[in-house]
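The chains referred to below are lettered A, B, ... by the order of the sequence lines, with proteins before strands, and numbering in each begins at 1. What you are looking at is a predicted structure, and each value in this text was computed from that prediction instead of being measured.
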There are 2 protein chains.
Amino acid sequence: MATLKDISAELGLSVATVSRALNGFPEVSARTRARVQEAADRLGYKPNRIAQRLVTGRSGMVGFIAKLNADMTADQTFLEILTGLTAALAERDVDLVLSVDQHDDPVTVYERMLERGILDGFILNAPVPNDPRVAFLQSRGIPFVMHGQSEPEVHYPFYGIDNRAVSRDAVGLLATLGHRRIALLNGDIRFSFAIDREEGFREAVAQEGLNTPEAFIGHETPSESYGYTEALAMLSGRRGAQPTAIVCGSTLIAAGVMRAAKDLGLSVPADLSLIAHDDALPQFRAVNFDPPLTVTRSPLRDACSPLANHLIDHIAGGEADTLQTRIRAELIVRESTGPVPKGGTDPWP
Amino acid sequence: MATLKDISAELGLSVATVSRALNGFPEVSARTRARVQEAADRLGYKPNRIAQRLVTGRSGMVGFIAKLNADMTADQTFLEILTGLTAALAERDVDLVLSVDQHDDPVTVYERMLERGILDGFILNAPVPNDPRVAFLQSRGIPFVMHGQSEPEVHYPFYGIDNRAVSRDAVGLLATLGHRRIALLNGDIRFSFAIDREEGFREAVAQEGLNTPEAFIGHETPSESYGYTEALAMLSGRRGAQPTAIVCGSTLIAAGVMRAAKDLGLSVPADLSLIAHDDALPQFRAVNFDPPLTVTRSPLRDACSPLANHLIDHIAGGEADTLQTRIRAELIVRESTGPVPKGGTDPWP
DNA sequence: CGGAAAACTCAAAACGTTTTAAATATGGTA
DNA sequence: TACCATATTTAAAACGTTTTGAGTTTTCCG
């Protein structure tokens, strides 16, 4: 492993000059810089992160902590995030240190990783209101970036979608098609994204002059079986007048709803309209549904690069307020949504 | 953040003595050690890992590279390994640096991670015969540990199960129950573990004086649907006399076989005996099958701690030959295996 | 009490980098 | 030629630890 000293010896220069040349300082002559660069390439020089960190206080490594569900499974999105993140970070020469959280207390793992003092910052996901990790990291002055936002107004860098708008777009489309009884199968309501979706849903429904009874608003960790059982209950009529449209928190839930509709002999979209939010996970393609699924779409993969960049820029001193991005998910109308069926035009009480 | 210098100044000792006292060197007096310890506690001293690493040449970090399937999904076991590994490594104060491999060439990612010179070693999984990663890392002199073995006889540290024995145990049990027509639904045959299972299977079958036609030996990436379609083909009689027992490479495959049996009106174990290898993934519990599944069991989670320890010991200078562990999977007989059905006692030609 | 051995402690170097302050080279002007 | 400003380079300090080799103190024995 070549060091600065090796290069300086090779060229008869001081390490200081070599360091400056490689780091693009202005006071080194063009000729020298070229010689140094050539030698560095030739010897395969890569700066030693550990030594850099000791003197600068930066390590070029960031942490990510995967939070497992109670049953020790990870949510669908974890792997997708990991893949995108390592690629995006590698692009900027940053390494990802991973840990898995099996604790009750969400901050202990962060604390433990911080103790070693080798991390420049963290990437957080799945924010909850009043997120304790935010309070902890802010109190310690550790940079981080959030995928999503714990609250509507925050003072840290983030990248995420407008989840209220997701619901507004979905409800708006359905209302335009004449639907009056619109149900919601949301994700786990502990998370901020699900809260936003639900609030956005209620607002949009109200704005259309409609109402959705509590029995037709569900929230749970997304799964096919959750979609199936809930849809079965809703569509069977057991809870009152059946919805003519269902908004799903994920394509996984939509798959379950689809199966329930089939089992009940209902056809999509003739009897039931279906719209889901689509993270564009490669395992589960909304286009391949039968019929192809209408979605609000925002590929999880697209978030990774901005997340990495926001964090790296923040570590380098960028202001948090300038590193906040909220994008709008794309509404893609396919064949799972259609006009309200003739018999279904009465609103819920 | 208190440093050694702070403590030495506080006590009027040299940093050298303080360092020795805290690291348990024998040549420091009991009195001094006590004073130092007290001061360290009082000042909340934590050694700076970066500085430690700079001088010792060890970073206290090891790499793990997740290999994705062509469809960008990870295999079932990935998360389980990650969870166990980070926990086991944390136990010994080592961090895990993760990368995700999306390349064709399996060594480029290792090469890139090595460039930085911050990794002490690697943890590898899913070995294939003549594994190029092994050749690469050995040529560079980089320590690593393997989950499993690329070949029967290797010269690197590993931890894994005896996969030939897995098949022998399964076939042995079934033969004892009188089965003559035993099929195999194996995992992806590119991997060493599947090759070993298959060879073990053929050996064991031959030893019982039996034979299994190629049409009744399958190998593919484990999935429920793979188990379902293959079992359906085998049990329908389309390929010749139906097997009376099937050995499955994973519980996931067994789930598919179970469904196929049900669809064909066959009951387990009256008409068909079923045995699978069980990694004990929390998502998929063999006990909860109906009927509970007979398995060769070896919790993946159990491998993580030995893997971490073997690697760390190897990095510390332990000989590779002393850090090789091959364990025997446990045969757990439950209700999915039973005596051969009356009409099924004829062997295959 | 003297001396040697044993027990303990210390100063300094080392790890590989960045950065400060000082030194040297270069060029231009008087 | 002498001088000054500017451009370029250097030596040395710093980050916080471990470790080497060299003291220094204590203990023990005659």
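- Considering only the side chain of A/Ser14, D/dT10 comes nearest among C/dT18, D/dC15, D/dT10.
- Rounded to a whole Å, the CZ atom of A/Arg58 is 18 Å from the C1' atom of C/dG16.
- The side-chain heavy atoms of B/Thr325 and B/Pro306, taken from C-beta on, include no pair separated by under 4.5 Å.
- At whole-Å resolution of the value, CD1 in A/Ile118 and P in C/dT17 are 18 Å apart.
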> Going through the distances and angles, do B/Asp101 and B/Lys67 end up as a salt bridge (charged side-chain N to carboxylate O under 4.0 Å, His left out)?
Replying inline: CA-CA 5 Å; B/Asp101 178 13; B/Lys67 174 100 178 142; 3.4 Å; yes
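- Considering only side-chain atoms of B/Thr3, the nucleotide from D/dT18, D/dT17, C/dC8 that sits closest is D/dT17.
- The ring pair (Phe, Tyr, Trp, His ring centres under 6.0 Å) pairs that include a residue from residues 128-148 of chain A are A/Phe144-A/Tyr156, where partners are two or more places apart or lie in different chains.
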>> Go through it in stages, so that I can follow the logic: the residues are B/Arg140 and B/Glu111, the test is salt bridge (charged side-chain N to carboxylate O under 4.0 Å, His left out), and I'd like the CA-CA distance, side-chain angles, deciding distance and then a yes or no.
In response: CA-CA 10 Å; B/Arg140 294 274 193 112; B/Glu111 209 157 9; 3.4 Å; yes
>> Walk me through whether B/Arg301 and B/Asp279 qualify under salt bridge (charged side-chain N to carboxylate O under 4.0 Å, His left out).
In response: CA-CA 8 Å; B/Arg301 189 63 69 95; B/Asp279 288 320; over 6 Å; no
Pairs: protein N or O with nucleotides 19-25 of chain D N or O, under 3.5 Å:
{"residue": "D/dT20", "atom": "O4", "partner": "B/Arg20", "partner atom": "NH2", "Å": "3.0"}

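- No contact: A/Gly117 has no heavy atom under 4.0 Å from any strand.
- For the ring pair (Phe, Tyr, Trp, His ring centres under 6.0 Å) condition, no pair includes a residue of residues 17-43 of chain B, sequence neighbours left out.
- Taken over five-pair windows at either terminus, the axes of the helix from C/dC1-D/dG30 to C/dA30-D/dT1 are inclined to one another by 70° (rounded to 10 degrees).
- Counting non-hydrogen atoms of neighbouring residues, nucleotides and ligands closer than 6.0 angstrom, the CG atom of B/Asn130 reaches no more than 12 such neighbours.
- Remark: C1' of C/dC8 and CG of B/Leu11 are 16 Å apart, rounded to the nearest angstrom.
- Taking atom CG on A/Leu4 and atom P on D/dT10, their separation rounds to 13 Å, with Å as the unit.
- Contacts between residues 30-54 of chain A and DNA chain D, defined by a heavy-atom separation below 4.0 Å, involve A/Thr32, A/Leu54, listed by number.
- Taking A/Tyr110 as the reference, A/Phe122 meet the ring-ring contact (aromatic ring centres under 6.0 Å, His included) condition, with sequence neighbours excluded.
- When each of B/Leu307, B/Leu96, B/Leu311, B/Asp95 is checked for a side-chain contact (heavy atoms from CB on, under 4.5 Å) with B/Leu89, only B/Leu96 meets the rule.
- With rounding to the nearest 0.5 Å, the separation of CZ in B/Arg20 from CG in B/Leu13 is 12.5 Å.
- A donor-acceptor pair shorter than 3.5 Å can be found between the side chains of B/Gln149 and B/Arg326.
- In this structure, the CG atom of A/Leu13 is 15 Å from the C1' atom of D/dA7, given to the nearest Å.
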